[in-house]
Amino acid sequence: MSNPVSVKAFSYEMSGAPALSYVNGSLISLLDACLKDGFGSVTLSSLVVASGVATATVNTGHGFDDYAVILIAGATPSGLNGDKRITVTGANTFTFDATGISNQTATGTITAKISPLGWEKVYSGTNKAVYRPQDTSGTRRYYRFDDTVANVNYRLSSVIGYESMSDVDTGVNPFPASAWYIFKNYLPNDTNIPWVLIGDGSAFYLLVWVYSLYWSHCHFFGDVVSVVPDDPYRAAIISNYGTSPASECRFSTINNSLSSGHALCRNAVGSAGAVAFATFSAAITPTYMGVGGVPYPNRANNGLLVAPVFLNEGGIIRGALPGCYSPLHNTSLPNGVFVVSDEGLVGRMLYVSAMYTTTDNSARAAFDITGPWR
């Protein structure tokens, strides 16, 4: 029953999840909940271990999704505490792996909540915040979000990365060179805007359904998987590079020449200053992720096939996006979770989302929600 827990997925549909809206500060509340605090805390009525499986009961209902990573606290024995990927067995019950713990009923005031990614909030101000990964194996760069930006038709949040910072407004070596944007709504006074956040201790993707429940804008913040071991400049941002829909996030674009909205903190030789990159994939996709290819499911194995998404910095392959794949199918896959059948990823669960493009809405991206990514 053992399952990896480094990759975690969150959505607006989870019990206790924060709401994203046009209101200033709502994005900061979302990031606080997913990156550092968690949400949806409940007190367990019982926690019983039998044959290496722990069964939790919450008499009032737990509200957790199947396969979520939750944080258990307050239990004796202490081995039951910490991050656990669960299997939901009922509205009031869920189980998780308890290998090595003898059969018993745990004691203590035991709580469970959706576990955060483990980032820290290092600086904050009114409706703005700076977050930093705590995973010491990564670059631990700084990501500043200002949730007070507005224009005529949209509510926006600005985002920028820094190699180092001394307060919420002061940083060194920005990437990109000036702030980019996250669209929070399309119509004035939008509330409870659909969102999904998927990440690990070094990076995360934020998907926001700005215009439609059918397709999303996707943003990326954190470390890519570099071809250079311990590359100190592998921190990146993908986001909207302007304040109008014409500058939409180019996350779904698979094109070696289109680099708008993509920035690494430095180039391959470490020269100071942000550098643009483009993405490409081995998938049969002339322009966008998940466009073209073979029918789904693949007839040979009745499965989902995907390809990694690589980074191209002016003819140099810097690495790949962690946990992100381009489907190899020509069928418009629906939003949702699929079990992948591709070599090297067999049995992993991928979350597939329709992605916004300027020409149509057929692009698809797939995100590994099982992990690990690295």
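A quick note: this is a predicted structure, and the numbers were derived from the prediction, not measured. For the single chain, residues carry numbers from 1 onward in sequence order.
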> In Å, rounded to the nearest 0.5 Å, how long is the span from OH of Tyr123 to OG of Ser166?
Replying inline: 6.0 Å
>> Is the ring pair Trp119/Tyr143 parallel, tilted or perpendicular, if the boundaries are 30 and 60 degrees?
In response: tilted
>> Asp147 and side-chain hydrogen bond (donor to acceptor under 3.5 Å, both in side chains): which single residue from Ser29, Ser157, Ser158 fits?
In response: Ser157
>> In terms of relative ring orientation, are His219 and His217 parallel, tilted or perpendicular, with 30° and 60° separating the classes?
In response: perpendicular
>> For the OG1 atom of Thr93 and the CG atom of Asn59, what is their distance to the nearest 0.5 Å?
In response: 10.5 Å
> Does the side chain of Asp167 pick up a donor-acceptor pair with the side chain of Thr170 at under 3.5 Å?
Replying inline: yes
> Can Lys128 and Asp169 be said to form a salt bridge (Lys or Arg N to Asp or Glu O under 4.0 Å), step by step?
Replying inline: CA-CA 9 Å; Lys128 54 188 175 183; Asp169 295 317; 2.9 Å; yes
> Going by heavy atoms in the side chains, are Tyr12 and Trp209 under 4.5 Å from each other?
Replying inline: no
> Are any of the side-chain heavy atoms of Leu156 and Phe183 separated by less than 4.5 Å?
Replying inline: yes
>> If hydrophobic residues (ILVMFWY) are linked whenever their side-chain heavy atoms come closer than 4.5 Å, directly or via other members, who joins Val225 in its cluster?
In response: none
>> So Phe175 and Arg266, do their side chains get closer than 4.5 Å, heavy atoms only?
In response: no
> What class does the angle between the rings of Phe220 and Tyr205 fall in, given that below 30° is parallel, 30 to 60° is tilted and above 60° is perpendicular?
Replying inline: tilted
>> To the closest 0.5 Å, what do you measure between CD1 (Ile72) and OG1 (Thr111)?
In response: 7.5 Å
> Can you tell if the side chain of Lys184 reaches within under 4.5 Å of the side chain of Leu27, non-hydrogen atoms only?
Replying inline: yes
> Does any donor atom in the side chain of Asn255 or Thr253 lie under 3.5 Å from an acceptor atom in the other side chain?
Replying inline: no
> Phe39 vs Phe10 aromatic rings, parallel, tilted or perpendicular, using cut-offs 30° and 60°?
Replying inline: tilted
>> For Ala75 versus Leu47, what's the shortest heavy-atom pair and its separation?
In response: CB-CD2, 4.3 Å
>> Using every non-hydrogen atom in the two residues, find where Leu80 and Ala54 come nearest and quote the distance to one decimal.
In response: CD2-CB, 4.2 Å
> With sequence neighbours left out, what residues match Asp65 under salt bridge (charged side-chain N to carboxylate O under 4.0 Å, His left out)?
Replying inline: none
> Does the ring of Tyr67 carry Arg85 above it, NZ/CZ under 6.0 angstrom from centre and within 45° of its axis?
Replying inline: yes
> Does Phe64 have any ring pair (Phe, Tyr, Trp, His ring centres under 6.0 Å) partners at least two apart in sequence or in another chain, and if so, which?
Replying inline: His62, Phe94
>> Can a side-chain donor-acceptor contact be found between Tyr131 and Asp32 if the only test is distance below 3.5 angstrom?
In response: yes
> If you measure from the Lys or Arg side-chain nitrogens to the Asp or Glu carboxylate oxygens, is any gap between Arg374 and Asp223 under 4.0 Å?
Replying inline: no
> Roughly how far, to the nearest 0.5 Å, is the CZ atom of Phe367 from the OH atom of Tyr351?
Replying inline: 9.0 Å
> So, do Ile193 and Val208 sit near enough that their side-chain heavy atoms are less than 4.5 Å apart?
Replying inline: yes
> Regarding Thr148 and Asp146, is there a side-chain donor-to-acceptor distance under 3.5 Å anywhere?
Replying inline: yes
